Participant: 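One structure is given below, represented as structure tokens, and several questions about it will come after.
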Amino acid sequence: MNTDFSQFGRTPCSHPQARAWVEQTAALTSPDRIFWCDGSEAEKEALYAEAVRTGVLIQLNQEKLPGCYYHRSNPNDVARVEQCTYICSEAEVDAGPTNNWAEPKAMRAKLLDLATGSMKGRTMYVVPYLMGPHGSPLAKVGVEITDSIYVVLNMRIMARMGQIAWDHLGDCPEFNRGLHCLLDLNPERRFICHFPENNEIISVGSGYGGNALLGKKCLALRIASALGRKEGWMAEHMLIMGVESPSGDKSFVAAAFPSQCGKTNFAMLVPPAEFKGWKVWTVGDDIAWMKPGPDGRLWAINPEAGFFGVAPGTNAKTNPNAMKTIQRDTIYTNVALKPDGTVWWEGHDDPAPAECLDWQGRPWTPESKEKAAHANSRFTAPMANNPMLAPEANDPAGVPIDAIIFGGRRPNTVPLVFQAFNWSHGVFLGATMGSETTAAAAGAVGQVRRDPMAMLPFCGYNMGRYFRHWLDMRKAIKYPPRIFNVNWFRKDTDGKFLWPGFGQNMRVLQWVVGRCRGRAGAHETPLGWVPRYDDFNTEGLDGLTPETFEKLQAMNADEWRREILQQDELFMRLYQFLPKELIFQRELLVARL
Ligand code: OXD
Ligand code: MN
């Protein structure tokens with residue numbers, strides 16, 4: 001195969017506005033070369049060869065891991081940086097109290113100044129991409145200009161990249177403009193900036209996925225959430241899954257969990273052996289775009305085409321489908337590299353290697369004090385590799401959502417599962433979600449923070465108005481999904497998890513789907529509808545005695561009084577913008593307690 005890099009990327013696009021913008025950006029950044037990506041297989045081979053030649057990627061053992069490559073990040077650049085992430089709306093009030101705001105003109109000037117001449121001696125890649133299935137009315141086109149070949153190869157997996165995007169765009173002048181410059185990876189010059197009114201993103205100084213793959217968090221969540229509010233749809237930090245029962249009915253569930261709370265594992269769940277005839281299909285593992293359909297239901301697409309999953313803890317028990325998915329055509333970032341050209345991380349099925357190189361390239365043995373893989377090390381894999389990819393994942397119409405689940409990482413207070421009384425109570429549950437912080441974002445790990453709908457780092461506008469939008473959407477949805485709250489992470493007084501999680505979460509899903517289809521019982525409590533022991537399928541699950549179930553579902557009034565006070569902190573920050581329905585829901589909860 002011809003992998004002569006100079007022969008590829010030579011054909012500029014014919015889209016006049018995109019071409020003018022690329023030329024203007026090249027005049028500013030002064031690259032040695034402009035590379036126009038077309039998304040073809042031949043181009044892919046040439047890009048991988050170039051990434052290996054320049055030391056950005058290491059080719060892994062092609063017999064054991066065909067098409068797989070390895071990347072190490074700069075150690076100062078391994079997670080999202082919320083403190084450097086800005087919403088640059090014209091008015092500060094439009095970014096709201098939970099976002100960093102910067103005045104757009106001044107911020108753009110500062111960023112373009114940093115970008116000036118920054119691609120000298122480098123290649124500038126033009127990456128056209130489509131978020132969503134081709135032909136979907138919900139799909140959006142973005143063009144990312146980047147000087148990182150790692151970003152190009154990741155975007156190629158995470159989005160529908162290349163000619164397909166130009167085809168979808170046609171002669172429509174409107175597309176998302178994303179400029180990404182690595183600069184010198186100095187954290188002092190790291191800014192991830194969104195200009196929602198211009199449908200524009202400028203990200204400088206970081207090569208980490210969440211900061212640099214502009215289709216993902218930047219476009220598909222921050223910009224899209226702002227667009228969705230204007231256009232009557234929703235962009236959410238949610239996985240989408242199909243749950244098929246033995247009689248063949250399929251229900252679709254969307255679920256929001258903060259980063260590193262197991263969205264990918266849940267989206268790829270394999271039912272335990274007792275669940276004969278049940279199947280779980282993955283539509284997406286991170287992002288859902290949802291819009292009311294003409295039939296009065298809420299329809300969702302997954303805008304992405306790949307999984308950017310957390311490696312540590314992924315194994316054949318926690319996520320067998322992910323393990324199958326990442327055996328080929330996968331980019332591994334910041335995991336450990338074994339002498340045989342394969343990879344390893346803490347929680348892998350294989351025992352720790354006697355020796356390997358850690359995520360920073362240092363010799364590592366099981367005696368080493370530090371972890372071999374970074375806690376936020378990742379795999380980037382095509383969703384087509386997933387043996388349980390839902391056929392509907394590529395359907396332009398999307399899937400009709402029956403249930404929405406909110407969940408967080410809570411060692412106490414929050415029961416395993418309960419159901420909201422109605423839509424506005426469900427919105428209140430999402431709005432008051434809390435979760436322990438994780439390694440997906442730079443900063444302290446393990447502290448409970450409020451993360452409404454798991455969107456705190458991703459809402460591209462004023463969070464109070466975001467709640468209003470959620471409440472207003474009810475008017476456009478004749479048959480709203482039922483809303484649930486889950487917590488897989490409750491611990492007993494000895495600090496041990498009460499719930500086994502992973503595949504056993506199927507039991508919760510069965511109850512959720514049963515509630516949507518009128519075939520599962522529940523009883524009313526101050527928190528919402530909860531399953532009684534007999535409403536819940538415990539068959540084959542040793543240890544799930546009525547006493548354990550009681551502990552999992554317990555509602556402790558003192559803990560809840562504390563919880564409400566903590567919830568108030570966020571409500572106070574947003575007070576000026578908070579829909580009164582949510583204050584009313586709070587009062588109702590206090591009264592019920
Ligand atoms: C992610 C995240 O990578 O939420 O999906 O950080
Ligand atoms: Mn995420």
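Order of appearance sets the numbers: ligands from 1, and atoms from 1 within every ligand. Just so we're clear, the structure is a prediction, and the values are computed from it rather than from any experiment.
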Participant: Applying side chain to side chain donor-acceptor pair (under 3.5 Å) between S206 and each of N186, N74, N211, N76, report the one that passes.
Facilitator: N211
Participant: Numbering the atoms of ligand 1 from 1, which are under 4.0 Å from a heavy atom of F308?
Facilitator: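 Listed by number with element, the hits are 3 (O).
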Participant: Where does the angle between the aromatic ring planes of H237 and F458 fall among parallel (under 30°), tilted (30 to 60°) and perpendicular (over 60°)?
Facilitator: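 Geometry flag for F458 against H237: perpendicular rings.
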Participant: How wide is the angle at the Mn ion (ligand 2) between NZ of K217 and NE2 of H237, to the nearest 10°?
Facilitator: 90°
Participant: Just do the side chain to side chain donor-acceptor pair (under 3.5 Å) check on N334 and R378 with the steps written out, would you?
Facilitator: CA-CA 7 Å; N334 296 337; R378 299 277 178 153; over 6 Å; no
Participant: Of the protein's non-hydrogen atoms, which lies at the shortest distance from atom 3 (O) of ligand 1, and what is that distance?
Facilitator: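 For this ligand atom, the closest protein heavy atom is R378 NH1, 3.0 Å.
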Participant: Quick test: of every protein heavy atom, which one is nearest to atom 6 (O) of ligand 1, and how far off is it to 0.1 Å?
Facilitator: R80 NE, 2.9 Å
Participant: Test your reading of the model: is there a side-chain donor-acceptor pair from H374 to the backbone of D358, 3.5 Å cut-off?
Facilitator: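 Such a contact is absent between H374 side chain and D358 backbone.
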Participant: Strictly under 4.0 Å, does any heavy atom of K217 approach an atom of ligand 1?
Facilitator: yes
Participant: Any idea which protein heavy atom is nearest atom 4 (O) of ligand 1, and the distance to it?
Facilitator: S259 OG, 2.5 Å
Participant: Tell me whether the rings of Y150 and H71 are parallel (<30°), tilted (30 to 60°) or perpendicular (>60°).
Facilitator: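 Judged by the thresholds at 30° and 60°, the geometry between Y150 and H71 is parallel.
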Participant: Please identify which atoms of ligand 1 are closer than 4.0 Å to at least one heavy atom of D286.
Facilitator: 5 (O)
Participant: Looking at side-chain heavy atoms only, is the closest gap between I145 and V127 below 4.5 Å?
Facilitator: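 They are not in contact (no side-chain heavy atoms under 4.5 Å apart), so the answer is no.
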Participant: Closest N/O/S atom of D286 to the Mn ion (ligand 2), by atom name?
Facilitator: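 The closest N, O or S atom of D286 to the Mn ion (ligand 2) is OD1.
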Participant: Would you mind listing which atoms of ligand 1 come within a distance below 4.0 Å of any non-hydrogen atom of H237?
Facilitator: 4 (O)
Participant: Step by step, would you call H469 with R229 a side chain to side chain donor-acceptor pair (under 3.5 Å)?
Facilitator: CA-CA 6 Å; H469 181 50; R229 175 170 175 252; 5.7 Å; no
